[in-house]
Amino acid sequence: MLSRDGWGGFAVLAASLLLFGLTLGLKDNPLVPFGPGFYPRIVLGLTILLSLWLVLADLRRKKSESKPEKLNYTQIVLQFGVFGLYCAALPYLGFRISTILYVAAANALMDPPRGARGWLRVAALALITAFATYYIFERYLQVLMPRGRWTGF
Amino acid sequence: MFDLLWQGMVGMTAAKYLVPLFIGTLIGVVGGALPGITITMTVIVVLPFTFTLEPLQGLAAMIGVYVGGETGGLITSCLLGIPGKPSAVATMFDGFPMTKKGEPGRALWLGIWASILGGLLGAIVLVASTGPLAAFALKFGPWEYFSLFVLALSMVAGLVEASLVKGLVAGALGLVVTILGNDPVMGAERLTLGIPFLAGGIPFLPVLIGVFAFSQVMGEVERMGGAREAERMAGKVVSFSVSHLKILFEILSRPFLLLWSSFIGLVIGVLPAIGGSAANMLAYDQAKKFSKHPEKFGTGVPEGIISSEASNNANVAGSLVTIMAFGIPGDAVTAVMLGALTIHGIQSGPLFISQNAQLAYGMFAAYILAHPIVLALLFVGVRWVIHIVTVPKSILFPVVLVLCVVGAWALSNAMSGVWILFIFGVFGYAMVKFGFPLAPFILGVILGDQIEINLLRAVMTDSNPWLFITRPISGVLLLASVLSFAAAIWQHRRAQRKAERNGDADF
């Protein structure tokens, strides 16, 4: 049975084989001795061999039972989810509104607010982060931050 | 050389350079002291602020972060028993017991002065060796560059703490990222998987920011709660007043320890992507081995603090040598600096010093001047830093990630950078969870294009593949790469056998 290393190696192997297959469809250019697939085939060939080595080494290895550390994966999924929504919202809501929403959500998820004071902390952090970042970058560093298609700013 | 250095030093004292250097150093000290916020993360946060600055202003700020971070990390290590960063772990072994014995000021200032002295010793080597090394690298043709990059990758993959094969797979994955997009010869589209923004290839900075920032932030989010402990302990810290002459005498009366530890830090810094944490631990281990009283290590002896802090600051100089002479980042922080140079259209590598002498010597000057700035900052504000580190991570992390988004966006004013940041953030976190080291991956991403270009240049110039071996420098570099690979296999086998003997078969 595969362990963490084996599954990792297997995923890399599958992705490398897929990409290697795609390189076979790349057409060579008669003007140059080596086509666009020459180097990718070397790299992917190497990746296939190494990931195969990882899978085989894992199959041959004696596994020891180790107690997994108790970690807060729900929080991780939520944080990635909120960040993904933030990225998706940026072109529609613009930098300021999406940043306010993101910082408030991320902070509230990591440290759930208790009472009015807690919500005040969340709101203050979100507003200060969004407007301070916007102000510094847009006004002083001439970085044009994303504008929202729906909001117009 | 000295004329240029003097000019660099004088130039760096101008307000337009000194201010970014000062601010960078201050941010570095605070970022280094914050447990869970690494120097890499701090320099990533600072990066977007440097986009509109002059190259030297931006690099001065980043060098300030680097030097300040290495020193700042010792504050929480010594006073709270919580390493501010991985390269201050060994400092904690004796720094914290010394604090518990009622000598927090001595622990702190031994570390600070050792950092400063180690860093300045590193500066001598940085200034003296970068030019000659770059001049030597000018003899390189595409064969030698290819072999040099292969050597860098094989060393990094072999020297990482995880398994050898996982290090190699991670390096290969980094190379895979660089083959997506277009080929460097004819610009033909390849392996874009129908995704429009892949047509131009994947820029390495959002990849680097995503991989490092997310893996570190999420790694901390998994175990939230450390800040409360720091908050509780910070209240206990009392007086830091010491006789600085006495502290300096304590360090300088151990010249061999200081020199040897700084040398270890420098060598490890020169080797790509091993980093300050290895330098810190190795120097501590060496100090213990050479000590007349090794049994006292871990109880609060000055040698433990001096060795670990001198080495991790000298390590910064070593990393700068590698990037300035060869264009190979010594670690993640110098990888970000490489990105900053690229943004300004400056190519690092052997020609860097000759083509950008003012910039190069300005960087040396920034590195040297960052040390007295750190010293001055800590003289004034060490007590404040202790209070700042109690800021909860639930406040810091969303702000850090927003700044990462700004950095990724500002590179091209396009959402593609932000999406690359997110995708590689998830990917980097998954890599960490599967136990793949990040350093070889990032080095693969950074060097991949150059490896391909130099390989193609070499075989297009002369199709004889034996030239990679028969050209003396290239041959030696490839031989070194094979030897490094063999040494890594031997080392990993030995560690595995030892683990099996101890009943721990898995790695």
Side-chain angles (χ1 to χ4, degrees), chain A residues 3-5 7-9 12 16 19 22-23 26-27 29 31-40 43-44 46-47 50-51 53-54 57 61-64 66 71-73 75-76 79-80 83-84 86-87 90-91 99 102-103 106-107 110-111 125 129-130 133 136-137 141-146, chain B residues 48-49 51-52 163 165-166 168-169 172-173 175-176 178-179 182-183 185-186 188-191 193 214 217-218 221-224 392-395 397-399 401-403 405-406 409-410 413 415 418-419 421-422 425-426 429 433-436 448 452 455-456 459-460 463 503-507:
Chain A
S3 73
R4 182 188 67 162
D5 292 354
W7 284 115
V12 176
S16 315
L19 288 173
L22 291 175
T23 64
L26 294 170
K27 288 191 182 85
N29 191 318
L31 296 173
V32 286
F34 301 98
F38 169 70
Y39 177 72
V43 170
L44 290 164
L46 185 76
T47 316
L50 289 169
S51 50
W53 178 11
L54 185 59
R61 191 177 309 115
K62 283 181 270 171
K63 312 284 189 309
S64 65
S66 59
L71 299 169
N72 191 352
Y73 286 117
Q75 186 66 243
I76 297 294
Q79 288 298 332
F80 271 124
F83 191 84
Y86 175 41
C87 296
L90 273 169
T99 301
Y102 165 69
V103 175
N107 178 248
M110 280 187 222
D111 189 3
L125 178 70
T129 308
T133 319
I136 293 169
F137 281 94
L141 299 173
Q142 278 85 44
V143 176
L144 202 65
M145 304 309 283
Chain B
F49 293 95
F51 288 165
T52 50
S163 85
V165 63
K166 279 198 219 160
L168 292 169
V169 170
L173 278 173
L175 296 179
V176 170
T178 64
I179 61 173
N182 46 26
D183 90 294
V185 181
M186 299 301 286
E189 220 173 85
R190 67 184 183 197
L191 308 174
L193 312 166
F214 276 89
V217 165
M218 294 304 176
V221 168
E222 289 174 347
R223 308 175 174 83
M224 292 283 270
K393 285 170 191 163
S394 59
I395 289 178
F397 289 159
V399 178
L401 292 181
V402 165
L403 289 171
V405 166
V406 174
W409 162 266
N413 272 27
M415 277 306 292
V418 179
W419 283 113
L421 170 87
F422 178 52
V426 178
Y429 178 70
K433 295 307 311 172
F434 277 94
F436 289 101
E452 177 171 14
L455 174 69
L456 293 179
V459 291
M460 280 175 170
S463 59
D504 181 14
D506 206 335
F507 64 122

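Each chain gets a letter, A, B and so on, in the order the sequences are listed, and its residues count up from 1. Just the heavy atoms: all of them, side chains too, but no hydrogens, waters or symmetry mates, feed the values below.
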Quiz prompt | Minimum side-chain heavy-atom gap A:F137-B:L403 below 4.5 Å | solution = yes
Quiz prompt | Part of A:L26 within contact of chain B (heavy atom distance under 4.5 Å) | solution = side chain
Quiz item: Which distance, rounded to the nearest 0.5 Å, do you find between the NZ of B:K166 and the CG of A:L54?
Solution: 7.0 Å
Quiz prompt | pair B:L455-A:F38: side-chain heavy atoms closer than 4.5 Å | solution = yes
Exercise. For B:V402 and A:Y102, run side chain to side chain contact (heavy atoms under 4.5 Å, CB included): C-alpha distance rounded to whole Å, both residues' side-chain angles, the deciding distance at 0.1 Å, then the answer.
Key: CA-CA 9 Å; B:V402 165; A:Y102 165 69; 3.8 Å; yes
Quiz item: Does B:P392 reach the side chain of A:M110, with side-chain heavy atoms less than 4.5 Å apart?
Solution: no
Quiz item: What's the spacing between B:F397 CZ and A:D111 CG if we round to 0.5 Å?
Solution: 12.5 Å
Quiz item: So, do B:L175 and A:T47 sit near enough that their side-chain heavy atoms are less than 4.5 Å apart?
Solution: no
Quiz item: Do the rings of A:F80 and B:F214 sit parallel, tilted or perpendicular, given the 30° and 60° boundaries?
Solution: parallel
Quiz item: Do A:N72 and B:V221 come close enough that some side-chain heavy atom pair is under 4.5 Å?
Solution: no
Quiz item: Heavy-atom distance under 4.5 Å between the side chains of B:L191 and A:P40, does that happen here?
Solution: yes
Quiz item: Under a 4.5 Å heavy-atom cutoff, which of B:M460, B:K433, B:E189 has the most pairs with chain A?
Solution: B:K433
